[in-house]
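The next block holds one structure in the form of structure tokens; read it before the comments.
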Amino acid sequence: MIRWIAAILGYFLFRLPGAIIGFLVGSVMDSMGSGNSARTIFEDLSRQKVSPADFELNLLSLCSIVIKADGQVNQKELDYVRQYFLSTYGKEKANAIFRTFNEVIKKREISAQRICTFLNQRTRFEVRLQLIHFLFAIAQSDGSVSSLEIDKISEIARYLRIGRNDFESIKAMFIKSVDTAYKILEIEKSASDDEVKKAYRRMAKKYHPDKVITENEAIKKGAEEKFKEVQKAYEQIQSERGI
């Protein structure tokens, strides 16, 4: 109620800009009785866009945390990161990024929680989902994903405010089992055909590359790969069930 009164008063005082400001201020006042709502509004108002350089540095830091998760630096995982940036950015920029990465990987202490807090304030949820997908791809590049790597990526996912279902869906894209396709679509194997179709539409919408709004080309490219995994999972279930 307060938000509309404030918007009207703002309009009479300062026309359209005043109405917008009045509505926002009134929304905060309306939400004072609910701590969560008030925090959400302030978070939305204060959200900043991360620069490409800052994003790349924090991405490299998370990569180094996963690579060192099992106590050793695996050359195949290093090569994967290097090749990924080469194919995405070209030789000159990739070499510059990797020089920074070599410095980052040598650091003893990197706070995953601090990095994720920074990213939470500056990136969309869809971008953070793609970060987890990218980290799993690095872990798998040596042929298998260790339990220590899974634990570390799970920890990063929690810091990035990614729920268990989303985490398990992405994890299933890399660690296969008899019900992998269902895990990717976040449904049980006992789901009806209609539930399967609804799940696919929901997941296709959530994981569509257009949702991943970022200037980082590596993340954009990975989003396309993740979207293909959702399509493959649905096609597999279609084939098994004759849908």
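Here, residue 1 is the first one in the sequence, and each next residue gets the next number.
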Using a strict 4.0 Å threshold on nitrogen-to-oxygen distance, state whether Glu155 and Lys152 make a salt bridge. yes

Any side-chain heavy-atom pair from Val230 and Met173 closer than 4.5 angstrom? yes

Could you state the interatomic distance from CD (Glu149) to CD1 (Ile138), rounded to the nearest 0.5 Å? 10.0 Å

Is Ser239 reaching over with its side chain to a backbone N or O of Gln236, donor-acceptor style, under 3.5 angstrom? no

For Phe167 versus Ile162, what's the shortest heavy-atom pair and its separation? N-CG2, 4.1 Å

How long is the straight-line distance from OG of Ser146 back to CD of Gln72, given to the nearest 0.5 Å? 9.0 Å

Tell me, yes or no, whether the heavy-atom count around Gln231 atom CD, taken from other residues, nucleotides or ligands under 6.0 Å, exceeds 12. yes

Neighbour count >12 (heavy atoms, 6.0 Å) for atom CD, Glu92: no

Answer yes or no: are there more than 12 heavy-atom neighbours, outside Arg114 itself, under 6.0 Å from its atom CZ? no

Are Ile132 and Asp166 close enough that some pair of their side-chain heavy atoms sits under 4.5 Å apart? no

Heavy-atom pair of closest approach, residues Ser190 and Arg241: C-NH2, 4.5 Å

Can you measure from CD (Glu77) to CD (Gln140) and round to the nearest 0.5 angstrom? 10.5 Å

Ignoring hydrogens, what is the shortest heavy-atom contact between Asn165 and Glu186? Give both atom names and the distance. O-OE2, 3.4 Å

Could you grab the distance from atom OG1 of Thr180 to atom CZ of Phe174, nearest 0.5 Å is fine? 12.0 Å

Taking Glu235 first and then Lys232, would you say they form a salt bridge - that is, a charged N and a carboxylate O separated by under 4.0 Å? no

Closest approach of Asp70 and Leu148, non-hydrogen atoms and distance? CA-CD1, 3.7 Å

Between the main-chain N or O of Gln113 and the side-chain N or O of Thr117, is there a donor-acceptor pair closer than 3.5 Å? yes

Non-hydrogen side-chain atoms of Leu62 and Leu119 separated by less than 4.5 Å: yes

Using a strict cut-off of less than 4.0 Å between a Lys/Arg side-chain nitrogen and an Asp/Glu carboxylate oxygen, indicate whether Lys176 and Glu229 qualify as a salt bridge. yes

Hey, could you give me the OG/CG distance between Ser169 and Leu129, rounded to the nearest 0.5 Å? 8.5 Å

A side-chain contact here means heavy atoms from C-beta on lying under 4.5 Å apart; do Arg82 and Asn95 qualify? yes

Is it true that the side chains of Glu126 and Gln130 contain a donor and an acceptor less than 3.5 Å apart? no

May I ask you to decide if Arg161's main-chain N or O and Arg128's side chain share a donor-acceptor pair within less than 3.5 Å? no

Tested for ring-ring contact (aromatic ring centres under 6.0 Å, His included) against Tyr234, the lone hit among Phe227, Tyr200, Tyr182 is Tyr200

Could you report the tightest heavy-atom contact between Ala139 and Ile153, atom names first, then the distance? CB-CD1, 4.2 Å

Please report the closest heavy-atom contact between Ile184 and Met203, naming both atoms and the distance. O-CE, 3.1 Å

Taking the side chain as C-beta and beyond, is there a heavy-atom pair between Lys197 and Arg201 under 4.5 Å? yes

Does any part of the side chain of Leu160, heavy atoms only, come nearer than 4.5 Å to the side chain of Phe125, both counted from C-beta? no

Checking Ser154 side chain against Ile150 main chain: does a donor-acceptor pair fall under 3.5 Å? no

So, for Phe118 and Tyr159, is the gap between ring centers shorter than 6.0 Å? no

Taken to the nearest 0.5 Å, the spacing of Ile67 CD1 from Leu78 CG works out to 4.5 Å

